[in-house]
Colleague: 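The structure that follows is given in the form of structure tokens.
Sequence positions, counted from 1, serve as the residue numbers for this chain.
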Amino acid sequence: MKVVPSIDISGGNAVKRIRGKDGTGLVIGNPEVVARGLRSEGYTSLHIVDLDAAEGKGDNISLIERVIRLGFNEVSVGGGVRNRNRLEKLLSMGVTKVVMSTLPFSDPDLFKEVIRDVEDRVLISIDYCDKEVLIRGWSETVLNVDNAVKLVNNFQVRGVIFTYVCNEGTRRGIDPGVRDYVKEVRGKEDMPVELDQFRT
């Protein structure tokens, strides 16, 4: 098992929300300082979520770029990646994997077009609660998890992340039922799966 720390960013600060709700949880501080501390502790991989971009309230891309320059071997970034321009911008900054969780389910055909030729650098995150998949900063439900898994199996991407929003920020761990979903995805050759435990 590989532990990958995550930094969620909103309003220029690293935050830890409860179930993704704005104004809940903790404001941790400067994301660059937090990332530098993680790097000094020996972590070589980092996951970043731009909550403002995910919610359509702006973005923190310049701050993310400064974090990338700290020298992590792998950096995955998600939040508001719904077009080719933002995808290419993140890749050009040195992001190794871009995480997308809205476009694959809101417009699968457009998603395929947006990720064309860079599929091996894209992860799909299935963010869900009570078996319903959440998109657009977890503000809308779009379909159930079973159908989401079937849809994901039609895409050629780097891998899949499962995020159990019901327990996000509560330290209650992952959804016990996620094992069944993982088996469905793992039935597809060369489709790695990540359980988003580091944000619970």
Side-chain angles (χ1 to χ4, degrees), residues 6-25 27 31 47-64 76-91 95 97-116 118-119 121-155 157-170 174-175 178 181 185 193-196 198-200:
S6 176
I7 298 177
D8 295 353
I9 303 176
S10 179
N13 287 309
V15 300
K16 169 50 63 182
R17 293 179 178 177
I18 299 173
R19 300 184 182 90
K21 300 297 183 183
D22 192 7
T24 63
V27 176
H47 180 65
I48 302 172
V49 181
D50 188 337
L51 297 176
D52 295 335
E55 296 171 343
K57 300 177 181 178
D59 69 62
N60 297 277
I61 200 159
S62 61
L63 183 52
I64 291 170
S76 58
V77 176
V81 187
R82 296 167 197 157
N83 57 60
R84 182 73 179 196
N85 287 342
R86 188 167 181 88
L87 175 60
E88 289 183 343
K89 173 65 175 176
L90 290 170
L91 293 176
V95 173
K97 293 177 286 188
V98 175
V99 182
M100 301 177 70
S101 57
T102 292
L103 201 59
F105 307 115
S106 65
D107 195 332
D109 291 334
L110 178 58
F111 171 70
K112 289 180 181 179
E113 185 62 31
V114 166
I115 68 169
R116 188 180 302 277
V118 292
E119 292 93 342
R121 298 182 68 182
V122 173
L123 297 172
I124 295 175
S125 185
I126 300 177
D127 305 336
Y128 70 102
C129 183
D130 296 328
K131 297 187 178 182
E132 295 294 322
V133 174
L134 301 169
I135 62 171
R136 303 189 192 284
W138 300 350
S139 65
E140 300 177 20
T141 57
V142 65
L143 74 173
N144 65 43
V145 184
D146 291 310
N147 288 333
V149 170
K150 292 176 183 177
L151 184 59
V152 164
N153 279 335
N154 292 321
F155 298 132
V157 292
R158 177 74 171 266
V160 179
I161 299 172
F162 285 93
T163 302
Y164 190 46
V165 177
C166 288
N167 283 3
E168 165 71 11
T170 66
I174 61 174
D175 171 24
V178 75
Y181 304 137
V185 175
V193 177
E194 298 178 19
L195 301 183
D196 202 350
F198 42 68
R199 297 178 62 224
T200 60

Colleague: Under the criterion side chain to side chain contact (heavy atoms under 4.5 Å, CB included), I'd like the reasoning laid out for Val122 against Val99: C-alpha separation, chi angles, the key distance, then a yes or no.
Modeller: CA-CA 6 Å; Val122 173; Val99 182; over 6 Å; no
Colleague: Which value, rounded to the nearest 0.5 Å, describes the distance between Lys97 atom NZ and Leu123 atom CG?
Modeller: 5.5 Å
Colleague: How close do Val185 and Asn153 get, counting heavy atoms only, and between which atoms?
Modeller: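 Looking at all heavy atoms of both residues, the closest pair is CA-OD1, 3.8 Å.
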Colleague: Do side-chain atoms of Asp130 reach the backbone of Glu132 as a donor and acceptor pair under 3.5 angstrom?
Modeller: no
Colleague: Would you call Leu90 and Ile61 a side-chain contact if the rule is heavy atoms closer than 4.5 Å?
Modeller: yes
Colleague: Any idea which heavy atoms bring Val118 and Arg84 closest together, and the distance?
Modeller: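 The answer is CG2-NH1, 3.8 Å.
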Colleague: What's the spacing between Lys16 NZ and Ser6 OG if we round to 0.5 Å?
Modeller: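 Reported value, rounded in 0.5 Å steps: 6.0 Å.
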Colleague: For Ser101, does its backbone N or O pair with a side-chain atom of Ser125 as donor and acceptor, under 3.5 Å?
Modeller: no
Colleague: Could you go step by step and tell me if Glu140 and Ile135 meet the side chain to side chain contact (heavy atoms under 4.5 Å, CB included) rule?
Modeller: CA-CA 5 Å; Glu140 300 177 20; Ile135 62 171; 4.0 Å; yes
Colleague: Is any NZ, NE, NH1 or NH2 atom of the basic residue among Asp59 and Lys89 found under 4.0 Å from an Asp or Glu carboxylate oxygen of the other?
Modeller: no
Colleague: Run the side chain to side chain contact (heavy atoms under 4.5 Å, CB included) check on Phe105 and Val152 step by step: do they pass?
Modeller: CA-CA 9 Å; Phe105 307 115; Val152 164; 3.9 Å; yes
Colleague: Less than 4.5 Å apart, side chain to side chain, heavy atoms only: is that true for Leu91 and Arg121?
Modeller: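 Answer yes - side chains close enough.
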Colleague: Show the nearest heavy-atom pair for residues Tyr164 and Cys129, with the distance to one decimal.
Modeller: CE1-CA, 4.5 Å
Colleague: Is it the case that the side chain of Asn13 and the backbone of Val15 share a donor-acceptor pair, with hydrogens and angles ignored and the cut-off at 3.5 Å?
Modeller: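 Between the backbone of Val15 and the side chain of Asn13 there is no qualifying donor-acceptor contact (under 3.5 Å).
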Colleague: Please report the shortest heavy-atom distance between Pro31 and Gly12, naming the atom on each side.
Modeller: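 Scanning both residues completely, I find the closest heavy atoms to be CD-O, 3.1 Å.
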Colleague: Determine whether Trp138 and Thr163 satisfy the following criterion, side chain to side chain contact (heavy atoms under 4.5 Å, CB included), listing intermediate values before the conclusion.
Modeller: CA-CA 11 Å; Trp138 300 350; Thr163 302; 3.9 Å; yes
Colleague: Taking atom CG of Asp52 and atom CD1 of Ile9, what is their separation to the nearest 0.5 Å?
Modeller: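 Taking CG in Asp52 and CD1 in Ile9, the distance rounds to 9.0 Å.
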Colleague: Do Val98 and Val77 touch side chain to side chain, with heavy atoms closer than 4.5 Å?
Modeller: no
Colleague: List the atom of Arg86, the atom of Ala53, and the distance in Å for their closest heavy-atom pair.
Modeller: NH2-CB, 3.6 Å
Colleague: In this structure, is the centre-to-centre distance between the rings of Tyr181 and Tyr128 below 6.0 Å?
Modeller: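 Centroid separation for Tyr128 and Tyr181: below 6.0 Å.
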Colleague: Got a second to check how far Arg17's CZ is from Asp8's CG, nearest 0.5 Å?
Modeller: 8.0 Å
Colleague: I need the minimum non-hydrogen distance between Asp50 and Asn60, along with the two atoms involved.
Modeller: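 Residues Asp50 and Asn60, closest heavy atoms: OD2-N, 2.7 Å.
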Colleague: Is there a donor-acceptor pair under 3.5 Å between the side chain of Arg158 and the backbone N or O of Ile124?
Modeller: no
Colleague: How far does NE2 of His47 sit from CD1 of Ile161, to the nearest 0.5 angstrom?
Modeller: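 If we round to the nearest 0.5 Å, His47:NE2 and Ile161:CD1 are 5.0 Å apart.
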Colleague: Calculate, to the nearest 0.5 Å, the distance between atoms OG and CG belonging to Ser106 and Leu143 respectively.
Modeller: 10.5 Å
Colleague: Please say which of Val114, Ile115, Asp107 ends up in a side-chain contact (heavy atoms from CB on, under 4.5 Å) with Phe111.
Modeller: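 With Phe111 as partner, Val114, Ile115, Asp107 yield a single side-chain contact (heavy atoms from CB on, under 4.5 Å), made by Ile115.
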Colleague: Among Leu134, Val133, Asp175, which one satisfies side-chain contact (heavy atoms from CB on, under 4.5 Å) with Val165?
Modeller: Leu134
Colleague: Answer yes when Lys57 and Asp22 have at least one side-chain N-carboxylate O distance shorter than 4.0 Å, and no when they do not.
Modeller: yes
